[in-house]
2 protein chains.
Amino acid sequence: MTESTPPSARARAPRVQGTVRIVGAGLLGASIGHALSALGIDVALDDTSPAQLRLAVDYGAGRRAAEDDDPTLVVVAVPPDVTADVIERELTRFPRAVVTDVASVKLEPLHILRDRGVDLTHYIGSHPLAGRERGGAIAARADIFIGRPWVVCRDGETPSSDLALVEGLALDLGAMPIEMSPEDHDRAVALVSHVPQLVASLLAGRFVDAPEGSLGLAGQGVRDTTRIAASAPELWVQILGANATPVVDVLDALSADLRDVADALRAPDAPGARRAVADTIRRGNEGVERLPGKHGQNRRFEQVVVMVDDTPGQLGRLFGELGELDVNVEDLRLEHSPGAQFGLAEISVVPGAVRRAVEGLESRGWKIASTTND
Amino acid sequence: MTESTPPSARARAPRVQGTVRIVGAGLLGASIGHALSALGIDVALDDTSPAQLRLAVDYGAGRRAAEDDDPTLVVVAVPPDVTADVIERELTRFPRAVVTDVASVKLEPLHILRDRGVDLTHYIGSHPLAGRERGGAIAARADIFIGRPWVVCRDGETPSSDLALVEGLALDLGAMPIEMSPEDHDRAVALVSHVPQLVASLLAGRFVDAPEGSLGLAGQGVRDTTRIAASAPELWVQILGANATPVVDVLDALSADLRDVADALRAPDAPGARRAVADTIRRGNEGVERLPGKHGQNRRFEQVVVMVDDTPGQLGRLFGELGELDVNVEDLRLEHSPGAQFGLAEISVVPGAVRRAVEGLESRGWKIASTTND
């Protein structure tokens, strides 16, 4: 575990000033603490779990909160089911501070707080689209927000200075602040996060009673499709419950699509049946194309696949020589087949570097398995 | 494009002898041709497309088939919709040869051939679970079968010498022959391949009409879940049509599961509703655990995440030093956030090497972001 400065922040002075109080020292809270502390900002950590708090402090996410703290900003990073309560408590306790939260559903806490008549002038909901497969203070890392969207839900009454402070927090952590209404946010995460989680879980759920032999035929495709099915239930039950309506809307639409394609396969000779199946795959092509790539807008990398002997030092030689060729590796994946004496290193480089990489490597005796401009 | 010898085969003499005739010089046919040619086996290629055939021959997948060829083995690697016709033709034309095919559905061609009263004594259906995202002779590669399952569907009447020949083909290519009935095979691929494809396509299809902003919140999870939605429609329409019944069975079960969880979210206070949602995620955990890992049975690698400056040569230094530390990298993934000045290299190593890797790298000034035994 280590603390590191988001490079985008390293460049200039932090936008956030004064003391930042973080309630909840889990993965997100502690990660924000690491990043802010690295920027020299005074971070006061609080958590109902003494063990979690001790860990976060020991790892350098900040100091323990003190009675006389006077924070300019309070970040509520607690589980969804207690988010509204903690927001209300913090607003009452620190009337001069701006209070934000990082919960992954934005409408439900807002409704609860409005129903209670809480003054929300200085509350701004937000949601950093960041995380890791492992949770807790111990998995916290200062860099998880870099390049990720950070949704900020401004409200009519929100003073723009408050908004600037929360957006400044996102920018200080290297994230991209995006203004959205709570309604749009919740519909968006239902579509791109909550329903995909359920779909992966439901599909993987079909494997529970499958004969061992059939699962032996599984390849990379189904592994990717069901990877997130490994997520922990506790948090997801809360998230799905808190965002039920938008999630159910997408599920119902998906359910209808699924029935249509099943019916088409059941009666292949019915008018339009074959076409319905083809359209399902075609719409999928179209939809997946709309997703931003791993590199955000920049999906324009070319892949060069190099054969590498499966012995220590080979990758070292490869990347050393790529360095000599002044080829920067943007992304990389090593395919390693069981029983094989070699692996295939798929290297992503900017298009301008493909020729240099291929010719340079081949002249140095490397075998190029393929390139995307084959 | 390059041709390479499966190392598992390099060791000893090939099991397949004589001339192997391959009908269909696409990705699978040409890849089999490359691997067999590299083993010194006489490969006779045939294809209805002169251009495809020329490419495969030029790239070294084999020679053009001749009138007087007398193959010991015929491999039918044509699209599903013509597979049965070509199998029948080859059985008639080469009565002394064993004929196999590599189609991804096994029962339908068998039914067609039986209905036509074709003598199937020397036909053995097979299915190598191998492929690439790109198709065609140009994407062919000798190594795509290494470590992959290769299903062989033996029939009652099959002489064991014929079976041995087809299993020998799989072994010569570095694949793992698995005997299965056509029924079991088709049910298995419906579950682990055909339905996952449809599910990914249906989910991605929901993105077609989604507001741009909502897709901007997409992360790695949904990208993985929908990656295979990019597959080409033509082939999938044939595959799904040919395996409709088993696919529909899984779709119906999935559809019911989906409706149940939607109902549970619609009426969260109904008895058992919250539990139903939790069970969906939990069953997903259980199911995904049953999938064989990327390394087959061996999923016991530990991950070490190292921070790497995003400059040429850095990875070279890292892997060079891992080589010095005698740490073999089993698998590797580079996470590169847009806007970040550094990437995170997630390295998979055998558990015994974690400590050596971490201590050795840290002593050389590397920052370890995390290890799986955090």
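Every chain is numbered from 1 and lettered A, B, ... according to where its sequence line falls, protein lines coming before strand lines. The basis for the numbers below is simple: all heavy atoms, side chains too, and nothing from hydrogens, waters or symmetry mates.
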Could you tell me which non-hydrogen atom of [X] sits nearest to which non-hydrogen atom of [Y], and how far apart they are?
X	Y	result
B:P196	A:V222	CG-CG2, 3.7 Å
B:L291	A:A218	CD2-CB, 3.7 Å
B:L265	A:G241	CD2-N, 4.3 Å
A:R290	B:E212	NH2-OE1, 3.1 Å
A:P149	B:L217	CB-CD2, 4.0 Å

**Q.** CG-CG distance between B:D260 and A:L251, expressed to the nearest 0.5 angstrom
**A.**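 Those atoms lie 11.5 Å apart.
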
Side chain from CB out, backbone as N, CA, C, O: work out which of these in [X] comes under 4.5 Å of a heavy atom of chain B, or both, or neither.
X	value
A:M176	neither
A:L215	both
A:L325	neither
A:I228	side chain
A:T280	both
A:D257	both
A:A232	backbone

Option in [options] with maximal non-hydrogen atom pairs under 4.5 Å from chain B:
options	answer
A:G205, A:A273, A:G320	A:G205
A:T245, A:V189, A:V192, A:L318	A:V192
A:L198, A:V277, A:I178, A:V248	A:V248
A:D184, A:L203, A:T226, A:I281	A:I281
A:S201, A:A188, A:G216	A:S201
A:L129, A:V151, A:L191, A:V237	A:L191

Top contributor to chain A interface from [options] [non-hydrogen pairs under 4.5 Å]:
options	value
B:A264, B:A190, B:S255	B:S255
B:R317, B:M180, B:R274	B:M180
B:G221, B:P268, B:A244, B:A204	B:A204
B:P211, B:S193, B:S231, B:A200	B:S231

(Q) Measuring only between side-chain heavy atoms, which start at C-beta, is B:L240 closer than 4.5 Å to A:V261? (A)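 No - every pair of side-chain heavy atoms lies 4.5 Å or more apart.
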
Q: Could you give me the CA-CA distance, side-chain angles and deciding distance for A:V305 and B:R141, then say whether side chain to side chain contact (heavy atoms under 4.5 Å, CB included) is met?
A: CA-CA 11 Å; A:V305 180; B:R141 228 164 56 189; 4.1 Å; yes

Q. Charged N to carboxylate O below 4.0 Å: is that the case for A:R266 and B:D252?
A.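 B:D252 and A:R266: salt-bridged.
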
Q: Using a strict cut-off of less than 4.0 Å between a Lys/Arg side-chain nitrogen and an Asp/Glu carboxylate oxygen, indicate whether A:R283 and B:D209 qualify as a salt bridge.
A: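 Looking at A:R283 and B:D209, the cut-off is met.
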
Q: Start with the C-alpha gap between A:R187 and B:S214, add the side-chain angles, then the distance that decides, and say whether side chain to side chain contact (heavy atoms under 4.5 Å, CB included) holds.
A: CA-CA 8 Å; A:R187 271 193 296 266; B:S214 58; over 6 Å; no

